[in-house]
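Since the structure is predicted, the reported quantities are computational estimates derived from the model, not experimental observations. In the text below, chain A, chain B and the rest are named by the order of the sequence lines, each starting its count at 1.
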There are 2 protein chains.
Amino acid sequence: MTEEGTRALSRRTIPRPDAADAELARLARALAHPARVRVLRLLARRDGCIGCDIVADLALAQSTVSEHLRILKAAGLIEGEVDGPRVCYRLRREGLARLKALAAAL
Amino acid sequence: MTEEGTRALSRRTIPRPDAADAELARLARALAHPARVRVLRLLARRDGCIGCDIVADLALAQSTVSEHLRILKAAGLIEGEVDGPRVCYRLRREGLARLKALAAAL
DNA sequence: TTCGGTCATCGTCGAATGGCGATATATCTT
DNA sequence: AAGATATATCGCCATTCGACGATGACCGAA
C-alpha cells in the first residue's frame, strides 16, 4: 500500500487532503444505502447482533444482507465475531468515530 | 426546536426511522466520491467559487465536474448562483449541517 | 452581430452496484 | 452419520455510476 506509516505525527489527524477526501468518500460510500444505515442503527441499539436477526429485520434476501454486511465490514464500520455456526456482528466504534470526525471537519 | 424535554424524542425530532435512514443514505451517496468531497472542501475554504475554477482544481473534464456539481446540488449540499455567463457555487450550510447531524446521531 | 468564454446536457462506453436464487461451507444437534 | 441452521459465495441480470467528447445554450465583449 502506502509508505505513510513512518510519520507518527500525521497519524490520523491531518493526512494529505486527497487522502482525507478518499477516506471520507470511502466511508460515505459504505453509508450510501438505506439498508446499511439501518444495520448500523440496529447494531447501535442492541450491541451485538446475529446475522440472521439482521436478515429478519431487513426485508431482503439473506445473500443480499450478507453483501451489505460485507461492505460495512470492509469499510471498518462493523466487525463480525464467529460464534459457532453464526456470526455476531458489532459496531466498530473507532470506524464510526472516524467517519463522524471526517464529516464534522467538513 | 421543541421544548418537550429530553425524553420526547419519538415525536418530531426523529420522523420515521426508515425516512432518516434514507435521508442519511442519500446524503452519504452525494459524499461517496473523492471529487465531490474535494469540491465541498474547496467551497468551505473560499466561500463562493466559479465553476471553471473548480474544473481547474479537479483534474477532470468539464462535463464530469458539471455532473458532480449537479449531484451535490441535488443533494442540497451546494447551491449555484448564476452570475452572467458563469455560476458561483457556494456551500449550503443547512444541508451540510443536516448531514453532520444525521452522521453524529449514529 | 459575431466571437470567446462558461456551463449544462446528450450519447456512449466500461465498470460497479444491488438484487435474487442456488449452492457451498461450517457448526451444532440428534 | 444425518439433518438442521447460519453464513458466505457464485452466477446472473438490470440498473446506476463515472468518465469522456461533442454539442447546445447563454452571456459579455469586441
Side-chain angles (χ1 to χ4, degrees), chain A residues 18 21-43 46 48-92, chain B residues 18 21-43 46 48-92:
Chain A
D18 297 1
D21 293 352
E23 188 184 6
L24 177 51
R26 190 180 57 84
L27 288 168
R29 168 151 300 186
L31 274 193
H33 195 288
R36 294 198 285 271
V37 175
R38 181 169 182 132
V39 167
L40 290 185
R41 266 192 234 285
L42 184 63
L43 294 182
R46 20 206 293 231
C49 196
I50 318 197
C52 65
D53 288 347
I54 303 178
V55 172
D57 186 78
L58 311 178
L60 291 171
Q62 181 266 329
S63 58
T64 303
V65 174
S66 179
E67 176 69 4
H68 284 308
L69 292 170
R70 188 191 63 80
I71 291 172
L72 287 171
K73 188 156 50 175
L77 292 175
I78 68 173
E79 61 191 354
E81 183 195 1
V82 176
D83 174 30
R86 42 197 120 185
V87 177
C88 181
Y89 289 98
R90 289 195 198 83
L91 276 187
R92 276 199 72 242
Chain B
D18 297 1
D21 292 353
E23 188 184 5
L24 177 51
R26 190 180 57 84
L27 288 168
R29 170 153 305 212
L31 273 194
H33 195 288
R36 294 196 287 269
V37 175
R38 180 167 183 132
V39 167
L40 291 185
R41 266 192 234 287
L42 184 62
L43 294 183
R46 22 210 286 235
C49 196
I50 316 266
C52 66
D53 288 348
I54 303 179
V55 172
D57 186 78
L58 312 178
L60 291 171
Q62 182 267 329
S63 58
T64 304
V65 175
S66 179
E67 176 69 5
H68 284 307
L69 292 170
R70 189 191 62 81
I71 291 172
L72 287 171
K73 188 157 46 175
L77 293 174
I78 69 174
E79 61 190 354
E81 183 196 0
V82 176
D83 173 31
R86 39 197 124 184
V87 178
C88 181
Y89 289 98
R90 291 195 195 82
L91 275 188
R92 276 199 72 242

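Applying the salt bridge (Lys or Arg N to Asp or Glu O under 4.0 Å) test to B:R92 and every residue at least two apart in sequence or in another chain returns B:E94. Qualifying side chain to side chain donor-acceptor pair (under 3.5 Å) partners for A:R86, counting only residues two or more places apart in sequence or in other chains: none. Residues satisfying the side-chain contact (heavy atoms from CB on, under 4.5 Å) criterion with A:V87, sequence neighbours excluded, are A:V82, A:Y89. A search for side chain to side chain donor-acceptor pair (under 3.5 Å) contacts involving B:D57 returns B:R38, not counting sequence neighbours.
The side chain of B:S66 has C:dA8 as its nearest neighbour among C:dA8, D:dA6, D:dT9.
Residue pairs that meet the ring-ring contact (aromatic ring centres under 6.0 Å, His included) test with at least one member in residues 48-85 of chain A, sequence neighbours left out, are A:H33-A:H68. Counting only residues at least two apart or in different chains, salt bridge (charged side-chain N to carboxylate O under 4.0 Å, His left out) contacts with residues 26-35 of chain B are absent.
B:L72 places its CG atom 12 Å from the P atom of C:dA8, with the value rounded to the nearest Å. Between A:R26 atom CZ and C:dT17 atom P the separation is 13 Å, expressed in whole Å.
Annotation: proximity of residues 75-91 of chain A to DNA chain D (heavy atom, distance under 4.0 Å) is found for A:P85, A:R86, A:V87, A:Y89, numbered in ascending order.
In this structure, A:L69 reaches neither bases nor backbone, as no heavy-atom distance under 4.0 Å exists between it and the strands shown.
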Return all side-chain donor-acceptor pairs below 3.5 angstrom for residues 73-80 of chain B, not counting sequence neighbours, or 'none' if the list is empty.
none

Reading 5' to 3' through nucleotides 15-25 of chain D, protein heavy-atom contacts under 4.0 Å coded B for base, S for sugar-phosphate only, - for none: --SSSBBB---
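Listed here is the closest heavy atom pair of B:L58 and B:A35: CD2-O, 4.1 Å.
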